[in-house]
Amino acid sequence: MPTEKIKSTPTDFIRAIIAEDRRNNKNNGRIVTRFPPEPNGFLHIGHAKSICLNFGIAAENPGGVCHLRFDDTNPSKEEDEYVRAIKEDVKWLGFDWGDKLFYASDYFDKLYEYAVRLIKMGRAYVCSLSAAEIREYRGTLTEPGRNSPYRERSVEENLDLFAGMKNGEFSEGSHILRAKIDMSSPNLNMRDPAIYRILKVSHHRTGDTWCIYPMYDFAHCLSDSIENITHSLCTLEFEDHRPLYDWFLDVLEVHHPQQIEFARLNLDYTVMSKRKLMQLVDGNYVNGWDDPRMLTISGLRRRGFTPAAIRNFCRTIGIAKRENRIDMTVLENAVRDDLNDPANRVMGVLKPLKIVIENYPEDKEEELEVANHPKNSEMGSRMVPFCREIYIEQTDFMEDPPKKFFRLGPGREVRLRSAYFITCTRVIKDSDGRVIELRCTYDPASKGGSSPDGRKVRGTMHWVSARHGVKAQVNLYDRLFTVENPEADKKKDFKDFLNPDSLVNLDNCVVEPGAAQLKQGQQVQFERQGYFCLDSSSEPARPVFNRIVTLRDTWAKINKKQPGRK
RNA sequence: UGGGGCGUCGUCAAGUGGUAAGACACAAGACUUUGACUCUUGCAUUCGUAGGUUCGAAUCCUGCCGCCCCAGCCA
């Protein structure tokens, strides 16, 4: 009877507001949220936080829905490839938008009408200043801006010009539609912001239908309104934009979603902006958006993370307004926690050291039964071949071990997991003095891993039969950067802090035969090493494993504290 | 020095006037055929800071200090 881990969703300030709104029957009790990505890159773990929040809230509230809407208002940066990837990622994370899939571009006609309405109300005008002039007229943080000389054009002239913009009569940059608000507002967003610009670029969905495109601020709040979103959840940097959204919505007298801002996710030892991730991809610092070192959803998926691990991670970190920087260990803990119960155990040796068991008959081979999970017998067992020559981990042997080391050393006895006790009798070295092989004896009475005389051994090691093991490549992944916050040093480029050891390819690994038969993407635990899965580049003859995460390693910690000992 | 936010354990984070939850990390111990898992214990006399109100303040008031965001025809 498996006991399912019950993990309740902690209530955060946004959920508290929404619960209160339901109590007050605001919006007739409807809860409609949305996840609004721009299709100009792949989703990352920071987006997962927003996805879990928006879709999570919809799922928690009876009748709640969450839309997936692509904010595709800038055709020069957006591509259909990203749309497909984003949909796949959201689905993979375990969320369902049902038939609520939208695009801001669905609303281009409507948005255009809204703009015309603003012009007719005398609340928007066509400005013919250049980009540089507009910047100049905008003023600074401490000085008010100045009115554009085009600010008082007549409604007729504005209508005419805007139609001309739409009809492609003008070149890019020659005119722009602006909201007429207040050039002296202390909030720069209110200083007559641009709402439509000329962009003679073909759009991934509307093709060449348009040569003017709405700005994000205009399109976003109105798209939310059109979709009848009740709660527009976004990150902190849009707090300053809220007064502008309020202005558009109020002036146009349309449905007014409630915007609530929360802090975006920051994770140690990585960067979290699409722009920077794009640089890593374009500069070939990583092998694509789905490089397992990238904290993109696709990278995490390829690395072997489970959707539940990511969801649990998002639940753990919470939602609040203060700036945050999460320990990488929280993410790591989330996968370990999710994989511990379901993952089968297998044996794989990353850095092999050969052992010859001298008293084991040369021509003998046997199959030993090994449990697939130490705590769950329902997960069964498998037969693993054993013979006179086996491999163990190089790090499991020390010629001159410290007291606390309870693995193999000269004259020491250890247990081979589910196999036999062996004792090291001789160490063979090469001409450089490196240990290349061990000679051992085994105790035939200890078959299965325990001795009838009750003799105890402290160390238990994983092993693979040299005759039967399958050669494999293993990719070890580590943090992408060497410093906690690669963006902290404003004088240096974040790429200066890339970790040269973020990917280590081990191509001399050997795994038990069954491990090579795994399904691609299937997570397993290599005993005493960590969780791994078969990479998509894997081939039956040459399996390639990705290390998802290591196991907790208390020994490594103890070892670290004893300098002079490696 | 304009405007908008935020300051509770190393890192996240509850707490909304009644005497500091939880998670990760860390430390010690138990168990162990994974130095894993699991379990037990410890870990903020104190909530940026200084005053004030109150029987009582992380919570209310005032001043100060610190951090983040905003001057794209990006989102």
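We name chains A, B, ... by the order of the sequence lines, and we start the count at 1 in each one. Values in this document were obtained by computation on a predicted structure and should not be read as measured data.
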- Item | Gap between atoms OH and C1', on Tyr216(A) and C73(B) respectively (whole Å) | 17 Å
- Assign Gln525(A) to base, sugar-phosphate, or nothing according to its heavy-atom contacts below 4.0 angstrom with the strands shown. base
- Query: Within the structure shown, what part of the strands sits under 4.0 Å from Arg417(A) by heavy-atom distance: base, sugar-phosphate, or nothing?
  - Reply: base
- Query: Which nucleotide in the list U34(B), C73(B), A75(B) gets nearest to the side chain of Glu78(A)?
  - Reply: A75(B)
- Query: Does Arg322(A) place a side-chain N or O at less than 4.0 Å from the phosphate oxygens OP1/OP2 of C12(B)?
  - Reply: no
- Query: Whom does A14(B) pair with, Watson-Crick or G-U wobble, provided both distances fall under 3.5 Å?
  - Reply: none
- Message: Whole angstroms only, please: what is the CG-P distance between Leu161(A) and C73(B)?
- Response: 18 Å
- With a 4.0 Å cut-off on heavy atoms, is Phe405(A) in touch with a base, just the backbone sugar-phosphate, or nothing at all? base
- Task: Name the orientation class of the two ring planes belonging to Phe108(A) and Tyr213(A) (parallel below 30°, tilted from 30 to 60°, perpendicular beyond 60°).
- Result: perpendicular
- Query: With sequence neighbours left out, which residue pairs that include part of residues 183-196 of chain A fulfil the side chain to side chain donor-acceptor pair (under 3.5 Å) condition?
  - Reply: Tyr125(A)-Asp192(A), Arg151(A)-Asp192(A), Asp182(A)-Ser184(A)
- Message: Which is more 5' along RNA chain B, the nucleotide nearest Lys447(A) or the one nearest Gly318(A)? Just name the residue.
- Response: Gly318(A)
- Task: Kindly say if Thr554(A) contacts the phosphate of A36(B), meaning a side-chain N or O under 4.0 Å from OP1 or OP2.
- Result: yes
- Can a side chain N or O of Thr460(A) be found less than 4.0 Å away from OP1 or OP2 on G35(B)? no
- Arg455(A) with Asp443(A): basic N within carboxylate O range, under 4.0 Å: yes
- Take the angle between the ring planes of His241(A) and Phe238(A) and call it parallel below 30°, perpendicular above 60°, tilted in between. perpendicular
- Partner of G29(B) by Watson-Crick or G-U wobble geometry, both contacts under 3.5 Å, or none? C39(B)
- Query: What is the nucleic acid contact for Arg458(A), judged by heavy atoms within less than 4.0 Å: base, sugar-phosphate only, or nothing?
  - Reply: base
- Please work out if Arg138(A) contacts a base, only the sugar-phosphate, or nothing of the nucleic acid, heavy-atom cut-off 4.0 Å. sugar-phosphate
- Query: When all nucleic acid strands are considered with a 4.0 Å heavy-atom cut-off, which category describes Ile326(A): base, sugar-phosphate, or nothing?
  - Reply: sugar-phosphate
- Task: First locate atom NZ of Lys321(A), then atom CD of Glu239(A), and finally report the distance between them rounded to the nearest 0.5 Å.
- Result: 3.5 Å
- From CZ of Arg242(A) across to C1' of G5(B) the rounded distance in Å is 10 Å
- Note on the structure: In whole angstroms, the gap separating P of G5(B) from NE2 of His241(A) amounts to 13 Å
- Message: Here's a test of your reading of the structure: between Asp12(A) and Thr140(A), which maps to the more 5' nucleotide of RNA chain B?
- Response: Asp12(A)
- Query: What is the distance from CG of Leu129(A) to P of C73(B), rounded to the nearest Å?
  - Reply: 11 Å
- Task: Taking the six-membered ring for Trp and the single ring otherwise, decide whether the centroids of Phe406(A) and Trp555(A) are under 6.0 Å apart.
- Result: no
- When the ring centroid of Tyr269(A) is compared with that of Phe481(A), is the distance short of 6.0 Å? no
- If the sugar-phosphate is the primed atoms plus P, OP1 and OP2 and the base is the rest, what is the B/S/- string for nucleotides 20-25 of chain B, using protein heavy atoms under 4.0 Å? ---SSS
- Item | A13(B) and A25(B), which share atom name C1', separated by this distance in whole Å | 14 Å
- Query: When you compare G7(B) with A14(B), how far apart are their P atoms, in angstrom units rounded to a whole number?
  - Reply: 10 Å
- Query: Base, sugar-phosphate, or nothing for Met215(A), non-hydrogen atoms under 4.0 angstrom?
  - Reply: sugar-phosphate
- Is Glu172(A) paired with Arg197(A) through a side-chain N to carboxylate O contact shorter than 4.0 Å? no
- Message: Is G15(B) syn or anti, taking syn as a glycosidic angle within 90° of 0?
- Response: anti
- Query: So, is Arg197(A) close to the C74(B) phosphate, meaning a side-chain N or O under 4.0 Å from OP1 or OP2?
  - Reply: yes
- In terms of side-chain geometry, is the basic nitrogen of Glu527(A) or Arg417(A) positioned less than 4.0 Å from the acidic oxygen of its partner? yes
- Spacing of Tyr245(A) atom OH relative to C70(B) atom P, expressed in whole Å: 13 Å
- If you look at every strand shown and take non-hydrogen atoms under 4.0 Å, does Leu199(A) touch a base, only sugar-phosphate, or nothing? nothing
- OP1 or OP2 of U32(B) under 4.0 Å from side-chain N/O of Arg528(A): no
- Message: What is the distance, to the nearest angstrom, from the CZ atom on Phe406(A) to the C1' atom on U34(B)?
- Response: 11 Å
- Of the candidates A71(B), U34(B), C74(B), the side chain of Asn74(A) sits closest to C74(B)
- Whole-Å distance separating the CD1 atom of Ile176(A) from the P atom of G72(B): 12 Å
- Nearest-neighbour nucleotide for the Asp71(A) side chain, G35(B), U8(B), A75(B) considered: A75(B)
